Amino acid sequence: MELSNYYAPTKIVFGKEAEKQTGELVRTCGCRKVLVHYGGGSVKKSGLLDRIFAALGDAGVAYVSLGGVVPNPRLSLVYEGIELCRREGVDFILAVGGGSVIDSAKAIGYGLANEGDVWDYYDRKRTAEACLPIGVVLTIAAAGSEMSDSSVITKDEGGIKRGYSSNYCRPKFAVMNPELTMTLPWYQTESGCVDIMMHTMERYLNQSENMELTDGFSEHLIRTVMKHAKILLEHPEDYASRAEVMWAGSLSHNGLTGFGTDGGDWATHQLEHELGGMYDVAHGAGLAAVWGSWARYVLDARPKRFAQFAVQVMEVEDTGDDRKTAEKGIEAMEAFYRSIQMPTSMKELGIEPTEEEIRELARKCSFDRTRTIGRVKKLDVEDIYRIYMQAR
Ligand code: NZQ
Ligand code: ZN
């Protein structure tokens with residue numbers, strides 16, 4: 001077991017009608033004026049936004065609003081949000097939406113609480129020293145941003161998607177009503193399930209000796225999400241399945257399933273972020289499209305761990321040969337992705353990059369050849385290129 005810390009300061013209000021408590025939750029944070037931040041319109045259509053405005057009004061909380069956050073949220077709107085908040089004297093940001101809205105809110109929060117250009121943090125030029133307090137009303141189970149220390153923003157020019165992590169941005173509270181996710185298109189539901197599974201798989205497939213308890217949580221979490229992802233494909237209004245997936249989404253990315261590990265691999269996420277930046281694909285679907293190619297490429301660096309994954313998570317038979325068992329596990333996971341209509345290649349994801357574009361993706365992913373990615377096996381620009389080529 002590695003030296004570890006666990007910090008999950010977000011208050012969770014979970015269940016039917018939870019959003020009714022939003023006004024009081026914001027009020028008890030002691031703010032003067034709130035920015036209600038939201039996406040492209042689903043919260044207007046469902047009536048949720050009006051209910052949130054009413055809850056804030058009932059609690060006597062003043063607010064302004066800014067919509068228009070797109071999936072793979074853009075830096076340009078973050079700048080707009082920072083200006084609006086400065087003008088209006090906003091001191092609290094309420095994100096009503098999914099990972100994209102929450103991440104945009106976190107970036108605005110960094111921009112307001114620190115001097116200088118907020119992109120510097122994502123560009124790894126500086127580190128933030130504060131963030132405005134953030135609250136969340138979650139509408140999609142996926143990114144886990146409602147409890148995570150991370151935010152991911154795309155710079156409009158050049159489609160550069162970069163993440164930045166610090167404890168300052170962890171939300172003060174998250175309101176989670178599983179019913180709110182019932183209006184999701186099936187593709188977003190399933191893409192979200194993949195992302196949730198991947199947040200634990202990234203931590204589980206590592207180079208450390210894990211705690212039995214952490215492994216047990218992780219294996220069960222992934223299996224639970226797999227079970228309910230299948231149910232939701234047929235029965236999108238199944239409340240119990242929505243609840244299982246939603247809670248798994250938070251626990252998968254709040255540090256619980258990485259406790260005692262070396263922090264995990266995260267190469268699949270880095271590979272996907274470039275796809276999201278350049279081709280604007282849904283994050284979870286992008287992860288599914290490259291995971292199998294990554295797994296086969298790095299398998300020999302850790303066959304025992306992949307074999308454990310195959311047996312404990314994918315429930316394949318132990319062949320007695322770690323490599324063979326591990327390969328069966330990877331095949332089984334790809335079969336699962338197909339069963340929930342998620343892609344296992346870029347072509348199935350709907351993109352067909354040329355070889356030149358693959359070179360470009362690899363160059364960007366290696367930060368212009370200045371970094372390697374991954375822990376199971378450290379991957380340089382050539383490795384990254386080969387994995388992308390295999391994933392075509
Ligand atoms: O914009 P609207 O109209 O709201 O539509 C959204 C969007 O098109 C829609 N949607 C959300 N809730 C809905 C709904 N439609 C109907 N009913 C609802 N209840 O779903 C679409 C996707 O929303 P988005 O917020 O983009 O989804 P997700 O939560 O998957 O977030 C993805 C972003 O989070 C980043 C990803 O890279 C990506 O940019 N990530 C953030 C992380 C973090 N901060 O910790 C970790 C993740 O690994 C991930 O990288
Ligand atoms: Zn993710």
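Counting convention: from 1, in listed order, for ligands and their atoms alike. Nothing here was measured: the structure is a model prediction, and the numbers come from that model.
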Engineer: Could you list the atoms of ligand 1 found under 4.0 angstrom from a heavy atom of Gly40?
Structural biologist: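 Atoms satisfying the 4.0 Å criterion: 1 (O), 2 (P), 3 (O), 4 (O).
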Engineer: Tell me which part of Leu184 gets within contact of ligand 1: side chain, backbone, both or neither, using heavy atoms under 4.0 Å.
Structural biologist: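 Answer for Leu184: both.
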Engineer: Which is it for Ser42 and ligand 1 at heavy atoms under 4.0 Å: side chain, backbone, both or neither?
Structural biologist: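 It is both parts that get close, each with some atom under 4.0 Å.
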Engineer: So, is His253 placed with an N/O/S atom under 2.8 Å from the Zn ion (ligand 2), counting both backbone and side chain?
Structural biologist: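 Under 2.8 Å: His253 has no N, O or S contact with the Zn ion (ligand 2).
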Engineer: Ignoring angles and geometry beyond distance, decide whether Gly41 reaches within less than 3.5 Å of ligand 1 through its nitrogen or oxygen atoms.
Structural biologist: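 Yes; the residue has a nitrogen or oxygen that sits under 3.5 Å from a nitrogen or oxygen of the ligand.
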Engineer: Could you check which N/O/S atom of His269 is closest to the Zn ion (ligand 2)?
Structural biologist: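 This turns out to be NE2.
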Engineer: Any protein heavy atom under 4.0 Å from atom 6 (C) of ligand 1?
Structural biologist: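 It does not; no protein heavy atom is within 4.0 Å.
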Engineer: Are more than 12 heavy atoms, taken from residues, nucleotides or ligands other than Glu17, located less than 6.0 Å from that residue's CD atom?
Structural biologist: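 Not more than 12 within 6.0 Å, no.
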Engineer: Show me which atoms of ligand 1 lie under 4.0 Å from any heavy atom of Val152.
Structural biologist: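 So the answer, numbered in order with elements, is 40 (N), 41 (C), 50 (O).
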Engineer: I need the atoms of ligand 1 closer than 4.0 Å to a non-hydrogen atom of Thr183, numbered in the order shown.
Structural biologist: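 Those atoms are 16 (C), 17 (N), 18 (C), 19 (N).
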Engineer: Is the side chain of Thr200 donor-acceptor paired with the backbone N or O of Met197 at a distance under 3.5 Å, no angle test?
Structural biologist: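 No, the answer is negative, given that no donor and acceptor are paired below the 3.5 Å cut-off.
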Engineer: For ligand 1 and Thr181, I'd like to know whether there is a polar contact (N/O to N/O, distance under 3.5 Å).
Structural biologist: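 N/O-N/O distance under 3.5 Å: no.
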Engineer: Please work out which of the three classes, parallel, tilted or perpendicular, describes the rings of His253 and Trp266, given edges at 30° and 60°.
Structural biologist: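 The arrangement is tilted - the two ring planes meet at 30° to 60°.
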Engineer: Can you establish whether the number of heavy atoms outside Arg371 located under 6.0 Å from its atom CZ is more than 12?
Structural biologist: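 For Arg371, atom CZ is crowded (more than 12 foreign heavy atoms under 6.0 Å).
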Engineer: When you measure from atom 25 (O) of ligand 1 to every protein heavy atom, which one gives the shortest distance, and what is it?
Structural biologist: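 In this structure, atom 25 (O) of ligand 1 has Ser100 N, 3.0 Å as its nearest protein heavy atom.
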Engineer: Compute the minimum heavy-atom distance from His199 to ligand 1 and say whether it is under 4.0 Å.
Structural biologist: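 His199: in contact with ligand 1 (<4.0 Å).
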Engineer: A cation-pi test, strictly: NZ or CZ of Arg170 under 6.0 Å from the centre of the six-membered ring of Tyr7 and no more than 45 degrees from its axis. Yes or no?
Structural biologist: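 Checked: cation-pi criterion not met.
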Engineer: Counting each atom of ligand 1 from 1 as listed, which ones have a heavy atom of His269 under 4.0 Å away?
Structural biologist: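 With His269 as reference, the close atoms of ligand 1 come out as 48 (O).
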Engineer: Among all protein heavy atoms, pick out the one at the shortest distance from atom 22 (C) of ligand 1; state its residue, atom name and that distance to 0.1 Å.
Structural biologist: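 Nearest neighbour among protein heavy atoms for atom 22 (C) of ligand 1, to 0.1 Å: Gln188 OE1, 3.4 Å.
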Engineer: Please check if any side-chain donor atom of Ser145 sits under 3.5 Å from a side-chain acceptor atom of Lys106, or the reverse.
Structural biologist: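 Side chains of Ser145 and Lys106: pair found under 3.5 Å.
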Engineer: With side chains defined as the heavy atoms from C-beta onward, is the minimum distance between Ile222 and Met201 less than 4.5 Å?
Structural biologist: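 The answer is yes, as the side chains (C-beta and beyond) meet within the 4.5 Å cut-off.
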Engineer: Can the ring centroids of Tyr110 and Tyr164 be said to lie less than 6.0 angstrom from one another?
Structural biologist: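 Yes - the distance between ring centres of Tyr110 and Tyr164 falls below the 6.0 Å cut-off.
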Engineer: For Arg32, look at atom CZ and say whether over 12 heavy atoms of other residues, nucleotides or ligands are found less than 6.0 Å away.
Structural biologist: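 No, not enclosed.
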Engineer: State the OG1-OH distance between Thr344 and Tyr337, to the nearest 0.5 angstrom.
Structural biologist: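 Going from OG1 on Thr344 over to OH on Tyr337, the span is 10.0 Å.
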Engineer: Are Pro73 and ligand 1 in contact, using a heavy-atom cut-off of under 4.0 Å?
Structural biologist: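 Contact check Pro73 vs ligand 1: positive.
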Engineer: Heavy-atom contact check, 4.0 Å cutoff: does His273 meet ligand 1?
Structural biologist: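 Distance cut 4.0 Å: His273 passes for ligand 1.
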Engineer: Counting each atom of ligand 1 from 1 as listed, which ones have a heavy atom of Lys161 under 4.0 Å away?
Structural biologist: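 Within the 4.0 Å cut-off of Lys161, ligand 1 contributes 36 (C), 37 (O), 38 (C), 39 (O).
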Engineer: Check Asp195 and report its N/O/S atom nearest to the Zn ion (ligand 2), by atom name.
Structural biologist: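 Output for this pair reads OD1.
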Engineer: For Glu2, is the CD atom crowded, meaning more than 12 foreign heavy atoms sit under 6.0 Å from it?
Structural biologist: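 Yes.
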Engineer: For ligand 1, which atoms, with element, lie under 4.0 Å from some heavy atom of Ser150?
Structural biologist: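 Contacts of ligand 1 toward Ser150, numbered from 1: 43 (C), 44 (N), 45 (O).
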Engineer: Below the 3.5 angstrom mark, is there an N/O of Gly99, backbone or side chain, next to an N/O of ligand 1?
Structural biologist: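 The answer is yes, given that Gly99 and ligand 1 share an N or O pair closer than 3.5 Å.
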Engineer: Would you call Arg162-Glu274 a salt bridge at under 4.0 Å N-O?
Structural biologist: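 Glu274 and Arg162: salt-bridged.
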Engineer: Indicate yes or no: does Arg323 engage Glu327 in a salt bridge with an N to O separation below 4.0 Å.
Structural biologist: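 Looking at Arg323 and Glu327, the cut-off is met.
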Engineer: Starting from atom 49 (C) of ligand 1, locate the nearest protein heavy atom and write down its residue, its atom name and how far away it is, to 0.1 Å.
Structural biologist: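 Scanning the protein heavy atoms, the shortest distance from atom 49 (C) of ligand 1 goes to His283 NE2, 3.3 Å.
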Engineer: Less than 3.5 Å between some nitrogen or oxygen of Glu272 and one of ligand 1, yes or no?
Structural biologist: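 Checking ligand 1 against Glu272, no N or O pair falls under 3.5 Å apart.
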Engineer: Between Asp91 and Lys33, is there a salt bridge with N-O shorter than 4.0 Å?
Structural biologist: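 No salt bridge links Lys33 with Asp91.
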Engineer: Does any N or O of ligand 1 fall below 3.5 Å from an N or O anywhere on Leu180, backbone included?
Structural biologist: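 Yes, Leu180 has an N/O under 3.5 Å of an N/O on ligand 1.
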Engineer: For Glu129, look at atom CD and say whether over 12 heavy atoms of other residues, nucleotides or ligands are found less than 6.0 Å away.
Structural biologist: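 Open: at most 12 neighbouring heavy atoms sit under 6.0 Å from CD of Glu129.
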Engineer: Ignoring angles and geometry beyond distance, decide whether Lys106 reaches within less than 3.5 Å of ligand 1 through its nitrogen or oxygen atoms.
Structural biologist: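 In this structure, Lys106 places no N or O atom under 3.5 Å from an N or O of ligand 1.
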Engineer: Taking the non-hydrogen atoms of Ser151, is any one of them nearer than 4.0 angstrom to ligand 1?
Structural biologist: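 Yes, Ser151 has a heavy atom closer than 4.0 Å to ligand 1.
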Engineer: For atom 35 (C) of ligand 1, find the nearest protein heavy atom and state the residue, atom name and distance (0.1 Å precision).
Structural biologist: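 Checking every protein heavy atom, the shortest distance to atom 35 (C) of ligand 1 gives Asp103 OD2, 3.6 Å.
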Engineer: Can you list the ligand 1 atoms lying under 4.0 Å from a non-hydrogen atom of Ser148?
Structural biologist: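 This gives 43 (C), 44 (N), 45 (O) as the contact atoms.
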Engineer: Enumerate the atoms of ligand 1 whose separation from the nearest heavy atom of Thr139 is less than 4.0 angstrom.
Structural biologist: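 Under 4.0 Å from Thr139, ligand 1 has these atoms: 11 (C), 12 (N), 13 (C), 18 (C), 19 (N).
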Engineer: Can you tell me if NZ on Lys44 sees more than 12 non-hydrogen neighbours from other groups inside 6.0 Å?
Structural biologist: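 Atom NZ in Lys44 is not packed in, count stays at 12 or less.
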Engineer: Closest non-hydrogen protein atom to atom 30 (O) of ligand 1, residue and atom name please, with distance?
Structural biologist: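 It is Ala142 CB, 3.4 Å.
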